[in-house]
Amino acid sequence: MIFNDAERAYLARQSLGRLATVDDDGTPNVRPLGFRLNEDSTIDTGGPHLTSTRRYRNVTARPGVGFVVDDMTPDEPGAITPGMGRGVEVRGWVELTEVEVPPVAPDWFSHEIMRIHPTRVLSWHIDPDHPDGQSRTVASNIDAL
């Protein structure tokens, strides 16, 4: 299983993540994007006019990406590390594909999407079994990179 139950529940409650790609000259490029976590643990994201964007050009040339979903832990009783940051970082590679129904905002998102295949997951302050966080490699086949 790529995401544990706490990570899956956290990602299901969130609607915005940040995708990091790399430009031709090595400059990082980070964009906030809506996303959907799929049953197979891939993550679909994109945006309007995806094929005309820098992120699309970047992953066409270099499919390795980072994707972060984070927020602040509620400052309330029972919360894990109240008032601290929490989140999930995914490292992986992008498959460019097309879908019949876009993952977010179907009237706005392009049908062309970026499907992130996780190879490493890091999470912090969301799992009561690992309150300080955990990091693990989830896939060893990264031939797409």
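The figures here come from the full heavy-atom set of this structure, side chains too, leaving out hydrogens, waters and symmetry mates. Numbers here simply count residues along the sequence, with the first being 1.
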Are there more than 12 heavy atoms of other residues, nucleotides or ligands under 6.0 Å from atom CG of Asp5?
no
Examine Val138 and Val69 and state if one hydrophobic cluster contains both, with Ile, Leu, Val, Met, Phe, Trp and Tyr joined whenever side-chain heavy atoms are less than 4.5 Å apart.
yes
Ring centres of Phe3 and Tyr10 under 6.0 Å apart?
no
Common cluster, Leu33/Val99, ILVMFWY with side-chain heavy-atom separation under 4.5 Å
no
Are Ile113 and Val90 connected, step by step, through hydrophobic side chains (Ile, Leu, Val, Met, Phe, Trp, Tyr) whose heavy atoms are closer than 4.5 Å?
no
Considering non-hydrogen atoms only, spot the tightest contact between Asp75 and Pro82 and give its length.
OD1-CB, 3.5 Å
For Arg36, give me all partners under side chain to side chain contact (heavy atoms under 4.5 Å, CB included), at least two apart in sequence or on another chain.
Asn38, Asp44, Pro103
Backbone N/O of Glu7 and side chain of Ser123: donor-acceptor pair under 3.5 Å
no
Would you say the side-chain atoms of Thr21 pair up with the backbone N or O of Asn58, donor to acceptor, closer than 3.5 Å?
no
Supply the members, apart from Val22, of the Ile/Leu/Val/Met/Phe/Trp/Tyr cluster built from side-chain contacts under 4.5 Å; use none for a lone residue.
none
What's the shortest heavy-atom distance between Trp124 and Leu122, and which atoms?
CZ3-O, 3.8 Å
If only atom types and distance count, is the side chain of Thr42 paired as donor or acceptor with the main-chain N or O of Arg115 below 3.5 Å?
no
Applying side chain to side chain contact (heavy atoms under 4.5 Å, CB included), run through Phe35 and Gln14 and close with a yes or a no.
CA-CA 9 Å; Phe35 73 96; Gln14 303 300 318; 4.1 Å; yes
Hydrophobic clustering (ILVMFWY, side-chain heavy atoms < 4.5 Å, transitive) - are Ile116 and Leu37 grouped together?
yes
Would Arg55 and Glu112 pass as an ion pair if we require N to O under 4.0 Å?
no
Test side chain to side chain contact (heavy atoms under 4.5 Å, CB included) applied to Met114 and Val59, step by step
CA-CA 9 Å; Met114 296 180 291; Val59 299; 4.0 Å; yes
Besides Trp108, the hydrophobic cluster formed by Ile, Leu, Val, Met, Phe, Trp and Tyr side chains linked at under 4.5 Å, directly or via other members, contains Val104, Phe109
Can you run down the side chain to side chain donor-acceptor pair (under 3.5 Å) pairs that involve residues 94-106, sequence neighbours left out, and say none if there aren't any?
Glu95-His117
List the steps and the verdict of side chain to side chain contact (heavy atoms under 4.5 Å, CB included) for Ser135 and Arg120.
CA-CA 7 Å; Ser135 170; Arg120 185 159 178 79; 2.6 Å; yes
Is there a side-chain contact between Val88 and Val68 (heavy atoms, below 4.5 Å)?
no
Can you list every pair that meets salt bridge (Lys or Arg N to Asp or Glu O under 4.0 Å) and has a residue in residues 12-30, with sequence neighbours left out?
Arg18-Asp70, Asp23-Arg54, Asp24-Arg62
Connected via hydrophobic side-chain network under 4.5 Å: Leu96 and Phe67
yes
Working to the nearest 0.5 angstrom, can you tell me the gap between Asn29 CG and Thr53 OG1?
8.5 Å
Can you name the closest pair of heavy atoms from Asn4 and Arg136 and give their distance?
N-NH2, 3.6 Å
Set out, in order, the CA-CA distance, both residues' side-chain angles and the distance that settles side chain to side chain contact (heavy atoms under 4.5 Å, CB included) for Thr119 and Thr137, then state yes or no.
CA-CA 6 Å; Thr119 57; Thr137 300; 5.7 Å; no
Side-chain touch Ser110/Thr51, heavy atoms, less than 4.5 angstrom
no
How would you list all residue pairs meeting side chain to side chain donor-acceptor pair (under 3.5 Å) that involve residues 76-86, not counting sequence neighbours?
Asp71-Arg86, Thr81-His125
Under 3.5 Å, is there a donor on one side chain and an acceptor on the other for Ser41 and Arg8?
yes
